[in-house]
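Quick note: numbers below take in every heavy atom, side chains included, and nothing from hydrogens, waters or symmetry partners.
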Amino acid sequence: MYRGGAEQKIRKYLIDNNYVDCVIRLPGNLFFGTSIATSIMVMKKNKADNKTLFIDATGECIKVTNNNKLTQENIERIVDVFIKRIEVEHFTHPASYEEVSGNDYNLSVSTYVEARDTREKIDIVKLNAEIKEIVAREQVLRDEIDKIIAEIEV
């Protein structure tokens, strides 16, 4: 999907001739013996436009033991956006010919569909207030310890 050399020449030919209709990235552990995420490349002749739809379906699954499984709802959502060819944030992106060729004919879904930011959001104002409370409490404890030590030394 992204390597250079002969593979890039093949992707260039397919994109230049407007054959690639869609690239769908599926979740890992979906197929027996294959733990990596797999992709489906949908080819189509005589397309009406020169856009390539990229779908990141890595989150469209349920966990069954150590494997993932696509439910009927997951499949319907993927097929629905495939048919409608719409942009859905963190899920799909219809890329123009210029965009794909500008990315050296890279057909990796992650190049075109931005992953959802799952990092924890931190309220810096609240965090600073908590730190200030901890420092104040520490000072009170240090003062109490100093009093106890002063009594012991007498």
Side-chain angles (χ1 to χ4, degrees), residues 1-140:
M1 295 296 191
Y2 58 86
R3 291 195 289 203
E7 292 174 5
Q8 183 181 23
K9 289 177 185 176
I10 294 168
R11 290 192 314 273
K12 180 180 182 333
Y13 173 82
L14 293 172
I15 293 297
D16 285 347
N17 288 289
N18 201 25
Y19 291 145
V20 181
D21 188 44
C22 181
V23 179
I24 304 168
R25 184 170 65 180
L26 298 171
N29 287 323
L30 193 61
F31 301 109
F32 179 76
T34 306
S35 61
I36 62 170
T38 55
S39 295
I40 298 171
M41 187 181 304
V42 180
M43 311 294 269
K44 184 177 181 181
K45 282 188 173 185
N46 305 319
K47 286 173 39 184
D49 64 7
N50 69 346
K51 291 187 182 280
T52 301
L53 181 65
F54 291 90
I55 301 175
D56 184 355
T58 54
E60 292 295 314
C61 64
I62 60 170
K63 190 86 168 155
V64 180
T65 63
N66 289 336
N67 296 323
N68 289 319
K69 179 182 177 185
L70 291 174
T71 64
Q72 189 61 38
E73 293 82 22
N74 299 135
I75 295 168
E76 287 172 5
R77 181 167 187 229
I78 294 166
V79 170
D80 186 52
V81 295
F82 173 76
I83 291 169
K84 291 179 180 174
R85 301 186 68 76
I86 56 173
E87 178 143 8
V88 178
E89 189 175 32
H90 308 295
F91 188 54
T92 67
H93 176 70
S96 66
Y97 168 80
E98 292 78 16
E99 189 175 356
V100 176
S101 63
N103 283 320
D104 292 328
Y105 300 94
N106 181 339
L107 295 180
S108 176
V109 173
S110 60
T111 302
Y112 304 96
V113 180
E114 182 180 351
R116 185 177 306 277
D117 186 0
T118 57
R119 295 178 295 182
E120 180 183 358
K121 305 281 190 268
I122 298 173
D123 182 351
I124 193 73
V125 174
K126 182 179 174 185
L127 182 62
N128 277 336
E130 289 174 7
I131 291 171
K132 192 178 269 189
E133 284 180 32
I134 291 168
V135 169
R137 175 103 171 106
E138 179 187 16
Q139 189 57 49
V140 168

Requested in this report: Please name all residues satisfying ring pair (Phe, Tyr, Trp, His ring centres under 6.0 Å) with Tyr105, sequence neighbours left out, ordered by chain then number.
Outcome: none

**Report entry** Heavy-atom pair with the smallest gap, counting every atom of Tyr97 and Asp16
**Finding:** OH-OD1, 2.7 Å

Query - Asn17 CG to Lys45 NZ distance, which is reported to the nearest 0.5 Å - result: 9.5 Å

Requested in this report: Would you check if there is a donor-acceptor pair between the side chains of Asn106 and Thr111 at a distance under 3.5 Å?
Outcome: yes

Requested in this report: Measure the spacing between CD of Glu98 and NZ of Lys51 and express it to the nearest 0.5 Å.
Outcome: 8.5 Å

Report summary line: Separation between CZ (Phe31) and CG (Leu26), nearest 0.5 Å, reads 5.5 Å

Requested in this report: Could you pull out all residues at least two apart from Asp21 that satisfy side-chain hydrogen bond (donor to acceptor under 3.5 Å, both in side chains)?
Outcome: Arg85

Report task. Indicate the atoms forming the closest heavy-atom contact of Ile55 with Ile78, along with that distance. Result -> CD1-O, 4.1 Å

Report summary line: Here the gap from Leu53 atom CG to Ile86 atom CD1, rounded to the nearest 0.5 Å, amounts to 9.0 Å

Query - Distance, nearest 0.5 Å, that separates CD of Gln8 from CZ of Arg3 - result: 12.5 Å

Query raised in the report: Is Asn68 reaching over with its side chain to a backbone N or O of Gly28, donor-acceptor style, under 3.5 angstrom?
Result: yes

Report task. Could you pull out the closest heavy-atom pair between Ala57 and Phe91, with the gap in Å? Result -> CA-CE1, 4.1 Å

Query raised in the report: Within a strict 4.5 Å, meaning less than it, do heavy atoms of the Val20 and Met41 side chains meet?
Result: yes

Query raised in the report: Between Glu60 and Pro27, is any pair of side-chain heavy atoms under 4.5 Å apart?
Result: no

Query raised in the report: About how many Å separate CG of Asn67 and SG of Cys61, when rounded to the nearest 0.5 Å?
Result: 10.5 Å

Requested in this report: Can you run down the side-chain hydrogen bond (donor to acceptor under 3.5 Å, both in side chains) pairs that involve residues 122-137, sequence neighbours left out, and say none if there aren't any?
Outcome: none

Report task. Report yes if some heavy atom in the side chain of Arg77 is under 4.5 Å from a heavy atom in the side chain of Val88; otherwise report no. Result -> yes

**Report entry** Test item: Thr52 and Phe54 side chains (from C-beta on) under 4.5 Å apart, heavy atoms
**Finding:** yes

Query raised in the report: Around Ile131, counting heavy atoms of other residues, nucleotides and ligands shown, do more than 12 lie under 6.0 Å from its CD1?
Result: yes

Report task. Taking all heavy atoms of Arg11 and all of Asp104, pick out the closest pair and write down the distance. Result -> NH2-O, 4.0 Å

Requested in this report: Give the minimum heavy-atom separation between Leu107 and Val100, together with the two atoms involved.
Outcome: CD2-CG1, 4.0 Å

